[in-house]
Amino acid sequence: MGRLSVSLCGIELENPVIPASGTFGYGYEFAELYDINCLGTFSFKGTTLAERVGNPLPRIAETGAGMLNAVGLQNPGVEKVIAEELPKLAGCFHKPVIANVSGFSESEYAEVCRRLDEQEQVGWLEVNISCPNVHGGGMSFGTDPQAAAAITRAVKAVTTKPVIMKLTPNVTDIVSVARACEDAGADGVSLINTLKGMRIDLQTRQPILANITGGLSGPAVFPIALGMVWQVSQAVKIPVIGLGGIQSAEDVIEMMLAGATAVEIGAANLINPFACRDIIENLPAVMDRLQINTLKDITGGAHG
Amino acid sequence: MKQGLFEIIENTALTDKVMRMRLAGDTSAMERPGQFVDIRLESLFLRRPLSVCDWDDESFTILYERVGQGTERMAALPAGERLDVLTGLGNGYDISLAGGHPLLVGGGTGLSPLYGLAKALLKNSVRPVVILGFHTAAEVFYTGEFKSMGIEPVITTEDGSCGVRGFVTAAMDFPYTFFYACGTEAMLRAVCEKSRCPGQISLGKRMGCGFGACMGCTVLTKNGAKRICKDGPVLNSEEVLWEG
């Protein structure tokens, strides 16, 4: 094992760097730019049962040190993902991948997870109960501990691979949702999804986003994510994937010290397509400087 | 697509609002007129996507209008400054579709990719008709550059202060074998509706990444969902589904 390696729900990762769902497609756009096998793994675009065209445009707005998106889970649907996208993914990425799943009912989550669980290359299922940009599904399951537990149970009942519940920060108490997921059998949690926000165009005096609100990501949210990872990782025994505004190798280490076993990187990929590769390349030197021998030993290191 | 550092070698005003910037660096990823670049600017989170007007082995040219934070900041940059740029983005125009008598229609800074397109067509021994539309005479720019290529562009202004009075459609004189257009959505729609031949249009949408990763700029077309940044920005006129 190298000094960057970590273990996520029993599967060894060469390093803890994971491009976040919705910022990395199915990998092949990035594989044109660099060999994506340097990644620990990645979480592919959120998949629903039926095809979704997503929200009307504009879907993107800039913010101070970040951005809002309201894409609305655009994806070709699980059947096409399995038939068309996963073979292309397998062509450029040769490690277990994280299947990101979304839905609008317990049965939809279960069905999509069941089908993706059967795919050989899928190593983990990441269940998104935290999308702020769809109505009647997504985040509504992640804001209520009982609903989050029900989705967790429904997915666990039909799958064999580790299930990671992706949590929303748009709640009063994220710890109670994380605990409910753990109690219902989740193998891990990932946090945070985006924070709900909006911008108004001063010329038109109308919201910039057609969806009115969107999810905030980018370095602006890093301290919020860090704080929540700190809280949740002390309250649960299952691994926590930390995400939200990570931009550098230093941020990765800070997030791990707060309690993350691995990290996901989202918005940074959109402004620098080489962000994850660069962070992985920078990690050893930053570890040397901080006298960190092996990365897996620093998880929760700030808890004292 | 490539990422590289480019040095500003020119950044000058063409009109009150329109600027021309030339940047020197590795242009090897640029393949077709109608492609775009995505420019990172100090302290702004998202890159700014801009159509390439022209390019050679060592540099490229963009024409941009000062319309917001990003373009205002660009306008203030001095020569010698270096910028992080993604190049060779998007599909670009397909010049093989032009036929013998193509029409190029540009509105305002929408003329930018048409300059490079005209140049590419001339190289293929195809002489296009070029119509350039503006609001008023004071906003007219780049006609001299087209003339230097040997193309006399037809100018239209909404107030009639220069050239033909009215919108670009007032100067369209079919039949053409094909049309290529870039401009506001209202202009593109009018051109498509009035055209009696197939064409290609370049659409501008708010983008996140500019290279197909975020699904921030997807539009529905008759051929399914298309990412303007990756599957576009050039679409075939007959596949566009106009809103409203």
Side-chain angles (χ1 to χ4, degrees), chain A residues 19-30 32-34 45-46 51-76 80 133 201-203 208-210 214 216-220 245 247 266-275 278, chain B residues 1-5 29 37-49 67-71 73 83-90 185 203-233 240-244:
Chain A
S21 180
T23 65
F24 212 72
Y26 300 91
Y28 47 82
E29 314 286 3
F30 289 82
E32 288 174 26
L33 301 173
Y34 65 93
K45 178 79 186 134
E51 178 183 3
R52 285 182 56 84
V53 295
N55 288 324
L57 267 52
R59 296 176 175 183
I60 303 287
E62 190 172 51
T63 68
M67 62 182 282
L68 292 167
N69 90 79
V71 170
L73 298 175
Q74 184 196 334
N75 81 96
K80 268 198 178 163
N133 298 322
D201 183 320
L202 298 183
Q203 298 301 323
I208 291 177
L209 298 172
L216 178 66
S217 60
Q247 296 207 103
N269 296 311
L270 306 182
I271 50 166
N272 173 14
F274 300 97
D278 293 351
Chain B
M1 166 171 113
K2 275 196 175 173
Q3 181 179 30
L5 275 182
V37 296
D38 217 359
I39 302 181
R40 185 109 190 246
L41 297 165
E42 183 84 35
S43 78
L44 291 179
F45 190 69
L46 295 173
R47 289 172 182 268
R48 295 305 192 261
V67 289
Q69 247 189 332
T71 45
R73 197 159 304 183
L83 296 175
D84 168 353
V85 186
L86 300 177
T87 57
L89 301 173
E185 214 146 294
L203 284 174
K205 294 285 184 191
R206 270 179 194 268
M207 290 177 186
C209 63
F211 50 89
C214 74
M215 311 289 159
C217 63
T218 311
V219 297
L220 263 189
T221 72
K222 289 176 189 163
N223 298 319
K226 291 203 168 184
R227 297 161 296 176
I228 290 302
C229 70
K230 181 82 179 182
D231 310 312
V240 178
L241 292 169
W242 299 103
E243 286 163 30

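The figures here come from the full heavy-atom set of this structure, side chains too, leaving out hydrogens, waters and symmetry mates. In what follows, chains carry the letters A, B, and so on, assigned in the order in which the sequence lines appear, proteins first and then strands, with residues in each chain numbered from 1.
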| note | Whatever's closer than 4.5 Å to a heavy atom in chain A on L46(B) counts as both

| field | Residue L241(B) excluded, over 12 heavy atoms near CG under 6.0 Å | value | yes

| note | Here the pair of heavy atoms bringing N272(A) nearest to R47(B) is CA-NH2, 4.4 Å

| task | Kindly give the heavy-atom pair with the smallest separation between I271(A) and F45(B), and that separation in Å. | result | CG2-O, 2.9 Å

| request: Only counting residues at least two apart or in another chain, list the ones meeting salt bridge (Lys or Arg N to Asp or Glu O under 4.0 Å) with R227(B). | output: E29(A), D231(B)

| task | Pick one of side chain, backbone, both or neither for E62(A), based on which atoms fall under 4.5 Å of a heavy atom in chain B. | result | both

| Relative to chain B, which segment of L33(A) carries a heavy atom at a distance below 4.5 Å: side chain, backbone, both, or neither? | side chain

Taking only distance into account, with no hydrogens and no angle test, what donor-acceptor pairs under 3.5 Å do side-chain atoms of residues 209-218 of chain B form with protein atoms, sequence neighbours excluded?
residue	atom	partner	partner atom	Å
T218(B)	OG1	Q74(A)	OE1	2.7
T218(B)	OG1	M215(B)	O	3.4

| query | Pick from K2(B), Q69(B), M207(B): which one has the most heavy-atom pairs with chain A under 4.5 Å? | reply | M207(B)

| field | chain A contact via K230(B) - which portion, at a heavy-atom distance below 4.5 Å | value | side chain

| field | Min side-chain heavy-atom separation E243(B)-P56(A) under 4.5 Å | value | no

| query | Tell me, side chain or backbone of Y26(A) under 4.5 Å from chain B's heavy atoms, or both, or neither? | reply | neither

| At a heavy-atom separation under 4.5 Å, does P76(A) approach chain B through its side chain, its backbone, both, or neither? | neither

| Where on L86(B) is there a heavy atom nearer than 4.5 Å to chain A: the side chain, the backbone, both, or neither? | side chain

| said: I need the minimum non-hydrogen distance between K205(B) and L57(A), along with the two atoms involved. | reply: CD-CD2, 3.5 Å

| query | CD1 of I208(A) to CZ of R206(B): how many Å apart, nearest 0.5 Å? | reply | 4.5 Å

| request: Heavy-atom distances under 4.5 Å only: say whether N269(A) touches chain B with side chain, backbone, both or neither. | output: backbone

